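This report concerns only the one structure given below.
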Amino acid sequence: MKDSEKKVLFDRTLELARKGWGSTHPNPMVGALIVENGMVVAEGCHHQAGFPHAEVEAIRSLGRLPKEGAAMFVSLEPCSTSGRTPPCVQSILNAGIKHVYIGATDPNPSHAGRGIEILRQSGVHTEMAPEEFQSRATRINFIFNHYITVQKPLIALKLAESSNGMIAEHSGKPSRVTEEKARLNMMQWRRLFPAICVGSGTVLSDNPSLTARLPEGTFCPIRLVLDSRLSTFDYANSNRAIYSDEFSSKTKVITTSVGLNNKHAVDRAKKLGITLIEGTKDENEKIKLSELPRILKELRITALYCEGGAKIAHSLLADGVVRYLFRYQSPKKFDGPDALAGPKLNNLKIKDSIIQKLGEDILTHGFL
Ligand code: AOF
Ligand code: ZN
């Protein structure tokens, strides 16, 4: 097979993997296909944890045994242990596939190269994708890679700033920093992350919905509000969208003992069916953000997309819990007297950053 043909097939595995965008947590997105005589005869992807893996989906969708000489292309190394599902390596061997082209190794310490080794020892020809593809196939699963290797949730911060570093034109009021393309891009990240987080100030001033509104439909991640005093449950603020919309069961509020002593607010939260989670308070009676990874782990959340709130952004960065940054930069200048400054980001080192032009705005994202 020519390199150019392999490239097309590898690219297709990533397209297939993306079908699981946001729905495979805590598992990675994976795509696989089967080729016979240069023709793709079956495809599959991993849809959801507990459901069959991509390789098994592809073999099943073929509905018969692959022909002699058939090859499989898969975006991630086939797994070699039994988890929620049986090992893919065994399914590949059972199907009699003798050529396996692999997009990237699986960073899961129980797999990491083991699947490739087993296939090789069983007489299967294995071949890794070119370096450039390997890095793309690895990057798409940055949430999974982080969680499986560090065993800690990935906390990401999103900030949109004007050319002079302001995150709002008028402090306390919602303002349009970025334009349409950047907004659609943010919606895609909301769709990818299993959970999203804002501070009480954002809930009070913007009344956000925190849903991912995409052309293919509206999706709601788990919505976490950081509200040390439960001020978002004041009567004056009764109709907050996230507490009363169709996805309200996905909203949880992290508070402190101060909030839990606010009987009024606790009663209202109960009536609205909103779960309250007690976090430790710091010396300023705010939620101790360094505890966020522990709370997320207890909630079985592998990654958090933090949006909104200058204070939250400052504190998350100051507490050193942010591991991934999404920085949107607009060419607009907010130089009015009540413009709100964001945290200084220029000194932060973003590793292997990805830079995307989104209309007039620019997104830079990567690990800190
Ligand atoms: C694959 N193909 O499509 C995926 C893989 O609990 P399980 O059985 O779903 O296994 C989860 C692990 O399998 C996960 O941590 C990752 O290492 C790998 N994911 N492997 O061969 C797939 N989703
Ligand atoms: Zn598998």
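First listed ligand is number 1; within each ligand, the first listed atom is number 1. Worth saying up front: this structure is predicted, and the values here are computed from it rather than measured.
The nearest non-hydrogen atom to atom 4 (C) of ligand 1, considering only I148, V56, L16, V30, comes from V30. Counting heavy atoms only, E55 comes closest to atom 2 (N) of ligand 1 of the residues E55, H111, H46.
A salt bridge links E15 with R12: the closest approach of a Lys/Arg side-chain nitrogen to an acidic carboxylate oxygen falls below 4.0 angstrom. Using a 4.0 Å cut-off between a side-chain N of Lys or Arg and a carboxylate O of Asp or Glu, D11 and R136 qualify as a salt bridge.
Ring pair F326/H365 is parallel by interplanar angle, where below 30° counts as parallel and above 60° as perpendicular. Note: F233 and Y243 have parallel aromatic rings, judged against thresholds of 30 and 60 degrees for the angle between ring planes.
E57 does not count as a contact of ligand 1, since none of its heavy atoms falls under 4.0 Å from the ligand. The shortest separation from a heavy atom of A49 to ligand 1 is not under 4.0 Å, leaving the residue out of contact. Residue contact annotation: F144 has a non-hydrogen atom under 4.0 Å from ligand 1.
Scanning the protein heavy atoms around atom 17 (O) of ligand 1, the nearest turns out to be D106 OD2, 2.5 Å. Nearest to atom 3 (O) of ligand 1 among the protein's heavy atoms is A54 N, 2.8 Å. Counting protein heavy atoms only, atom 6 (O) of ligand 1 is closest to R84 N, 2.7 Å. Given atom 14 (C) of ligand 1, the protein heavy atom at minimum distance is N27 OD1, 3.7 Å. In terms of protein heavy atoms, atom 15 (O) of ligand 1 is closest to N108 ND2, 3.0 Å. Summary of contacts: the protein heavy atom closest to atom 9 (O) of ligand 1 is H53 NE2, 2.7 Å.
Around the Zn ion (ligand 2), the protein contributes the following N, O or S atoms under 2.8 Å, ordered by chain and number: H53 ND1, C79 SG, C88 SG.
Taking the centre and axis of the six-membered ring of F219, the NZ or CZ atom of K250 falls inside the cone set by 45° and 6.0 Å.
Shown in contact with C79 at under 4.0 Å from a heavy atom are these atoms of ligand 1, numbered in order with element: 1 (C), 20 (N), 21 (O). Those atoms of ligand 1 with a heavy atom of E77 less than 4.0 angstrom away are 21 (O). Each of the following atoms of ligand 1 lies closer than 4.0 Å to a heavy atom of P78: 21 (O).
Atom NZ of K344 sits in a sparse spot, with 12 or fewer heavy atoms from other residues, nucleotides or ligands closer than 6.0 Å. Crowding of D352 atom CG: a count of heavy atoms from other residues, nucleotides or ligands under 6.0 Å not exceeding 12.
A donor atom on one side chain and an acceptor atom on the other are found under 3.5 Å apart for E291 and T280. One side chain, K281 or S257, offers a donor N or O that lies under 3.5 Å from an acceptor on the other. Checked by atom type, the side-chain pair H47/T24 shows no donor-acceptor distance below 3.5 Å. Looking at T232 and R240, their side chains never bring a donor and an acceptor atom within 3.5 Å of each other. Side-chain N/O atoms of S80 and R114 include a donor and acceptor closer than 3.5 Å. One side chain, T211 or R213, offers a donor N or O that lies under 3.5 Å from an acceptor on the other.
Polar contact with ligand 1: absent for G50 (N/O pair, distance under 3.5 Å). Among the atoms of C88, none of the N or O lies under 3.5 angstrom from an N or O of ligand 1.
Between H125 and Y101, the distance separating the two ring centers is shorter than 6.0 angstrom.
Neither the backbone nor the side chain of C45 comes within 4.0 Å of ligand 1, counting heavy atoms alone.
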